[in-house]
Protein chains: 2
Amino acid sequence: MKKLSIADIANHLNVSKSTVSFVLNGRAEEKRISKELVSRVEKFVKEVGYTPSPIARGLRTGKSNIIGLMVESISDPFFANIAKLIESRAYKKGYRILYCSTDNDTEKTRALIEVFRERNVDGYIISPPVGVEDEINALTKAGMPVVLFDRSLPNAGADSVEINNESSAFNATRLLIDQGFTNIAFITFSSLLTQMSGRLSGYKSAIEQEGLGVNVLEIDYNPDEDSMIQTVSNYLSENKHIDAVLFGAVQAGICGLKALTELNLKIPEDVAVISFDDHDVFKLFAPPITAISQPIEEIAGRIISLLLERLNPGQSHAVSQKIILNTEFKLRRSHVNKRFLRKAE
Amino acid sequence: MKKLSIADIANHLNVSKSTVSFVLNGRAEEKRISKELVSRVEKFVKEVGYTPSPIARGLRTGKSNIIGLMVESISDPFFANIAKLIESRAYKKGYRILYCSTDNDTEKTRALIEVFRERNVDGYIISPPVGVEDEINALTKAGMPVVLFDRSLPNAGADSVEINNESSAFNATRLLIDQGFTNIAFITFSSLLTQMSGRLSGYKSAIEQEGLGVNVLEIDYNPDEDSMIQTVSNYLSENKHIDAVLFGAVQAGICGLKALTELNLKIPEDVAVISFDDHDVFKLFAPPITAISQPIEEIAGRIISLLLERLNPGQSHAVSQKIILNTEFKLRRSHVNKRFLRKAE
DNA sequence: GTGAAAGCGCTAACAT
DNA sequence: ATGTTAGCGCTTTCAC
């Protein structure tokens with residue numbers, strides 16, 4: 001059973017390919033094709049279940065109905081959830097997703113953008129690594145819709161969706177300060193990305209405003225989790241004065257909890273804890289961990305809205321939009337000073 | 001800066017398109033094109049950074065270098081991890097991933113297979129919902145490489161990679177029986193899929209072999225997690241004789257832990273727990289939860305190997321291969337009977 | 001109102 | 001050994 005082509009349809013109906021094409025693309029009226037012919041074509045097409053080849057169409061039009069989604073790592077629960085939401089919204093609009101993980105590797109990302117470009121993807125959703133602003137700018141300059149998220153590239157002129165990293169970290173640090181902690185550490189992955197530097201500087205300004213000491217541990221990301229746990233564990237052992245920790249990312253927080261468990265340190269009695277991002281682990285840990293929760297649904301919603309806006313050549317703004325969303329504290333038990341513990345129950 | 005086409009290359013070099021094409025496709029020798037010409041072409045191609053359009057090539061050859069990956073839900077950590085591993089292996093072989101979540105929806109999956117077919121994906125990796133065996137068989141009959149995983153379709157003639165669900169559940173149940181528990185429940189998502197029925201029957205045979213009572217709760221999957229937690233919570237409240245639970249899936253296990261926490265039931269003193277799949281939550285819970293861990297890396301590795309085998313038309317076996325992998329117990333504290341608790345420390 | 005034909009960029013059978 | 005050419009299936013300009 002060979003797949004039908006538009007020529008088969010045209011032959012069968014004794015009309016030309018172009019007529020069929022016009023009908024299929026909703027240009028029948030514009031071309032003043034008779035109602036009668038239109039319905040005859042539509043009926044037959046439905047009857048034999050013909051659908052135009054997106055590949056041939058893509059070759060001709062340069063459009064693909066595919067959106068390229070590049071995340072740091074699809075196995076990260078944050079990105080996996082975003083991906084799921086984006087996919088289902090995009091699917092409803094007739095777009096498919098071609099996706100890949102960048103591993104925050106600049107070269108890999110460049111190659112990936114090229115791959116997507118060759119495939120004529122219609123739009124890009126990217127959580128970019130550092131150093132790809134030139135490629136991004138080339139894309140937007142060529143009129144391609146691009147939405148950045150989770151972090152931004154200072155010199156890239158693309159739409160972006162981020163959270164208020166700096167004030168979130170500032171407020172979280174304040175929360176710990178207000179609980180009376182004075183030796184507060186910030187533990188995170190080393191990274192030049194804007195979301196990380198924002199979190200770091202939010203932490204720092206809260207600390208410095210209070211005249212306290214800055215304690216920062218930057219972990220190099222390592223696929224071998226045990227080695228990262230060891231790093232945190234060592235740091236904590238060597239800095240016994242630390243009485244509270246703000247973790248800058250969910251993976252850092254999880255490593256931290258594993259390190260604290262290993263060291264037999266009690267939360268919050270020995271060390272108070274707040275972590276960026278929310279996760280089942282934080283909800284179920286004993287005690288439950290106070291978290292800075294990102295509005296995942298809204299992030300995904302904004303991303304896809306921005307992209308669709310650019311995809312539909314209506315009133316597309318030349319200027320790029322930067323959207324900053326607010327986080328939400330999930331206040332639980334892990335940040336409460338033991339002096340207040342009784343009261344808090 | 002217009003993108004170059006093969007014609008531009010040919011003109012520049014004063015040769016024909018086919019010559020360039022042959023060189024590019026490694027058929028120079030076969031076509032006895034002079035070494036000199038070959039290197040002249042290669043040099044120029046590299047110089048101007050020309051890469052053939054995969055779309056045009058796809059239209060002509062019917063190949064796309066794209067693998068379609070359909071998982072139940074990309075936001076599920078199990079599938080997200082598998083996806084990550086598959087993607088990186090596929091990427092190295094020059095394949096891109098087009099992916100989507102089926103939500104276990106039969107109709108959606110059928111439509112998705114059609115979408116993939118239209119796009120000429122070269123191979124399919126699917127964790128199938130029930131009821132798509134006809135579509136799968138049509139694919140394999142047409143010579144398309146298809147690898148099923150996580151569950152299989154009894155009447156589908158495709159390669160598959162699964163774990164030994166039945167014996168894993170059997171052994172886990174035995175483990176609880178050997179600890180002296182006598183009212184063991186099996187809590188899982190309702191599903192007609194083979195992996196779930198396998199787990200259920202493994203549980204049942206262990207229970208019945210011992211003459212104990214069968215206690216099964218099948219939760220209807222619901223995106224609203226709270227309602228699922230409530231279901232588990234109600235069940236546990238109404239069946240206070242239950243002293244141990246085997247959870248049939250990671251999400252069920254997490255819901256279960258939340259319900260147990262809510263009910264203030266101690267693990268393992270009030271209720272012992274074992275869950276399918278491993279997860280950070282299980283490692284970090286107090287006490288750590290005994291889990292039946294799937295060999296994620298090996299699963300992904302086998303999937304991609306099977307697919308590549310079929311993709312490279314070497315000695316492709318007509319007969320389909322069913323691979324069954326073993327799980328591994330992560331023995332922790334949650335399944336230990338309190339009578340043995342002292343000893344176990 | 002409808003159709004013929006060019007062409008998107010590539011591959012491969014067929015000539016030479 | 002290398003070139004010519006006919007498509008792959010579709011869209012779209014232009015002619016009737």
Side-chain angles (χ1 to χ4, degrees), chain A residues 2-42 44-45 48-66 114-115 117-122, chain B residues 2-42 44-45 48-66 114-115 117-122:
Chain A
K2 184 75 181 52
K3 192 145 189 324
L4 294 160
S5 82
I6 195 170
D8 301 321
I9 308 291
N11 285 341
H12 236 271
L13 261 28
N14 275 317
V15 297
S16 83
K17 292 194 297 173
S18 35
T19 306
V20 177
S21 174
F22 289 138
V23 172
L24 258 29
N25 292 304
R27 301 180 57 190
E29 193 141 353
E30 167 191 343
K31 291 291 173 181
R32 291 189 280 186
I33 294 171
S34 71
K35 293 264 177 228
E36 186 271 331
L37 217 196
V38 169
S39 64
R40 210 150 55 86
V41 171
E42 284 174 343
F44 186 68
V45 163
V48 297
Y50 165 75
T51 50
S53 153
I55 299 179
R57 181 177 275 178
L59 179 60
R60 184 59 228 242
T61 62
K63 298 284 167 221
S64 62
N65 278 302
I66 292 183
E114 181 58 24
V115 168
R117 227 172 46 76
E118 281 178 348
R119 301 250 170 215
N120 281 337
V121 306
D122 295 338
Chain B
K2 183 75 183 53
K3 192 145 192 320
L4 294 160
S5 82
I6 195 171
D8 300 322
I9 308 291
N11 285 339
H12 235 272
L13 260 30
N14 275 319
V15 296
S16 83
K17 292 194 298 172
S18 38
T19 306
V20 178
S21 174
F22 287 137
V23 172
L24 257 30
N25 292 302
R27 302 181 54 190
E29 194 140 352
E30 167 191 342
K31 291 290 171 180
R32 289 187 283 187
I33 293 171
S34 71
K35 292 263 176 232
E36 186 271 330
L37 217 197
V38 169
S39 65
R40 209 150 56 86
V41 171
E42 283 174 344
F44 185 68
V45 162
V48 297
Y50 165 77
T51 50
S53 152
I55 299 178
R57 181 178 275 179
L59 179 60
R60 183 61 231 237
T61 62
K63 298 284 167 220
S64 61
N65 278 302
I66 292 184
E114 181 57 25
V115 168
R117 227 172 47 77
E118 281 178 348
R119 301 247 169 220
N120 280 338
V121 306
D122 295 338

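Every heavy atom of this structure was used, including side-chain atoms; hydrogens, water molecules and symmetry mates were not. To find a chain, count down the sequence lines: A is the first, B the second, and so on, and within it residues start at 1.
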message = Just to be sure I understand the rule, does Ile55(A) reach a base, reach only the sugar-phosphate, or reach nothing, if contact means heavy atoms closer than 4.0 Å?
response = nothing

message = Rounded to the nearest 0.5 Å, what separates atom CZ in Arg57(B) from atom CG in Leu59(B)?
response = 13.0 Å

task = Output all residues satisfying side chain to side chain donor-acceptor pair (under 3.5 Å) with Ser53(B), sequence neighbours left out; order by chain, then residue number.
result = none

remark   = Between CG of Asn11(A) and P of dA4(C) the distance, given in whole Å, is 10 Å

remark   = Here the distance between atom P of dT2(D) and atom CD1 of Ile9(B), to the nearest Å, is 18 Å

request  = Taking salt bridge (Lys or Arg N to Asp or Glu O under 4.0 Å) as the test, write out the residues that go with Arg60(A), two or more places apart.
outcome  = none

message = Generate the contact string for nucleotides 10-16 of chain C. Rules: B means base contact, S means sugar-phosphate contact only, - means no protein heavy atom under 4.0 Å.
response = BBB----

ask   = To the nearest 0.5 Å, what is the distance between CG (Asn11(B)) and OG (Ser16(B))?
value = 10.5 Å

ask   = Under the ring-ring contact (aromatic ring centres under 6.0 Å, His included) rule, what pairs show up with a residue in residues 3-38 of chain A, not counting sequence neighbours?
value = His12(A)-Phe44(A)

inquiry  = So Asn120(B), base contact, sugar-phosphate only, or nothing? Heavy-atom distance under 4.0 Å.
reply    = nothing

query = In whole angstroms, how far is the P atom of dC8(D) from the CG atom of Asp8(A)?
reply = 10 Å

request  = Applying side-chain contact (heavy atoms from CB on, under 4.5 Å), run through Ile66(A) and Arg119(B) and close with a yes or a no.
outcome  = CA-CA 11 Å; Ile66(A) 292 183; Arg119(B) 301 247 169 220; 3.9 Å; yes

key: Pairwise salt bridge (Lys or Arg N to Asp or Glu O under 4.0 Å) hits with a residue in residues 5-28 of chain B, at least two apart   = Arg27(B)-Glu30(B)

query = Taking CZ from Arg32(A) and P from dG1(C), how many angstroms apart are they, rounded to a whole number?
reply = 6 Å

inquiry  = Let me test you: for the helix from dG1(C)-dC16(D) to dT16(C)-dA1(D), what is the angle between the axes at its two ends (five pairs each), rounded to 10 degrees?
reply    = 50°

key: Ser21(A) and Ser18(A): side chain donor to acceptor below 3.5 Å   = no

key: Value in whole Å for how far the C1' atom of dT2(C) lies from CZ of Arg40(A)   = 12 Å

query = Rounding to a whole Å, what distance do you find between Glu30(B):CD and dT2(D):P?
reply = 14 Å

ask   = How far does CG of Asp122(B) sit from OG1 of Thr61(B), to the nearest 0.5 angstrom?
value = 8.0 Å

